[in-house]
Amino acid sequence: MMKYKIIHTDKAEEQLREIIFYIADDSGSADIALKYLDKIENAINRLVDFPMSGSVPKYSVLKKQGYRVLIVEKHLAFYKVNEKDKTVIIYAIVDGRREYRNLI
């Protein structure tokens, strides 16, 4: 079985950095933030073998655009699978408790 390559957009990288800084700041612990980063990265890395494992987003506009969503605790990673190139592109990593439609 062909493994997929994972690509992060600059926006997704930036959002992930902000999440980790926020958790470190909020919890007062770099360890907690890094453990959470590992959790997000591990979930995303599983897409290498199981690119369709994320669910279909609830907003029809995102669904129509072909996004899938990976849920990691309170955060949502939005991505698209390109079958032709065997790539998974991570477009956004956002807090699922916020209104995220415009963040993607």
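The shown structure was predicted, so the numbers you read here are calculated from the model rather than taken from an experiment. The first residue in the sequence is number 1, and the count goes up from there.
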[X]-[Y] co-clustered via ILVMFWY side chain contacts under 4.5 Å:
{"X": "Val72", "Y": "Leu76", "value": "no"}
{"X": "Val61", "Y": "Val94", "value": "yes"}
{"X": "Ile32", "Y": "Ile40", "value": "yes"}
{"X": "Phe21", "Y": "Leu16", "value": "no"}
{"X": "Ile44", "Y": "Ile89", "value": "no"}

Identify, with sequence neighbours excluded, every residue that meets salt bridge (Lys or Arg N to Asp or Glu O under 4.0 Å) alongside [X].
{"X": "Lys58", "result": "none"}
{"X": "Arg17", "result": "Glu14"}
{"X": "Lys80", "result": "none"}
{"X": "Asp49", "result": "Lys3"}

If you round to the nearest 0.5 Å, how far is [atom2] of [Y] from [atom1] of [X]?
{"X": "Leu70", "Y": "Ser53", "atom1": "CG", "atom2": "OG", "value": "6.0 Å"}
{"X": "Ile93", "Y": "Lys11", "atom1": "CD1", "atom2": "NZ", "value": "11.5 Å"}
{"X": "Asn42", "Y": "Leu37", "atom1": "CG", "atom2": "CG", "value": "9.0 Å"}
{"X": "Leu47", "Y": "Lys5", "atom1": "CG", "atom2": "NZ", "value": "14.5 Å"}
{"X": "Glu41", "Y": "Leu34", "atom1": "CD", "atom2": "CG", "value": "9.5 Å"}
{"X": "Gln65", "Y": "Ser60", "atom1": "CD", "atom2": "OG", "value": "9.5 Å"}

For [X] against [Y], the heavy-atom pair lying closest together:
{"X": "Ala92", "Y": "Ala12", "answer": "N-CB, 3.9 Å"}
{"X": "Val81", "Y": "Pro51", "answer": "CG2-O, 3.6 Å"}
{"X": "Arg68", "Y": "Pro57", "answer": "CA-CD, 4.1 Å"}
{"X": "Ile23", "Y": "Ala33", "answer": "CG2-CA, 3.7 Å"}

In the structure I gave you, are the side-chain heavy atoms of [X] and [Y] within less than 4.5 Å of one another anywhere?
{"X": "Asp95", "Y": "Ile19", "result": "no"}
{"X": "Val48", "Y": "Val88", "result": "no"}
{"X": "Tyr4", "Y": "Glu83", "result": "yes"}

Problem set entry | Other residues, nucleotides, ligands: >12 heavy atoms within 6.0 Å of Lys86 NZ |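 For Lys86, atom NZ is crowded (more than 12 foreign heavy atoms under 6.0 Å).
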
Exercise. Can you tell me if Asp85 and Asn82 form a side-chain donor-acceptor pair at under 3.5 Å?
Worked result: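 Yes - a donor-acceptor pair under 3.5 Å links their side chains.
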
Problem set entry | Sequence neighbours excluded - ring pair (Phe, Tyr, Trp, His ring centres under 6.0 Å) pairs with any residue from residues 67-86 |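 For residues 67-86: Tyr36-His75, Tyr67-Tyr91, Phe78-Tyr100.
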
Exercise. For Glu73, what residues pass the side-chain hydrogen bond (donor to acceptor under 3.5 Å, both in side chains) criterion, not counting sequence neighbours?
Worked result: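 Glu73 satisfies side-chain hydrogen bond (donor to acceptor under 3.5 Å, both in side chains) with Lys39 once adjacent residues are dropped.
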
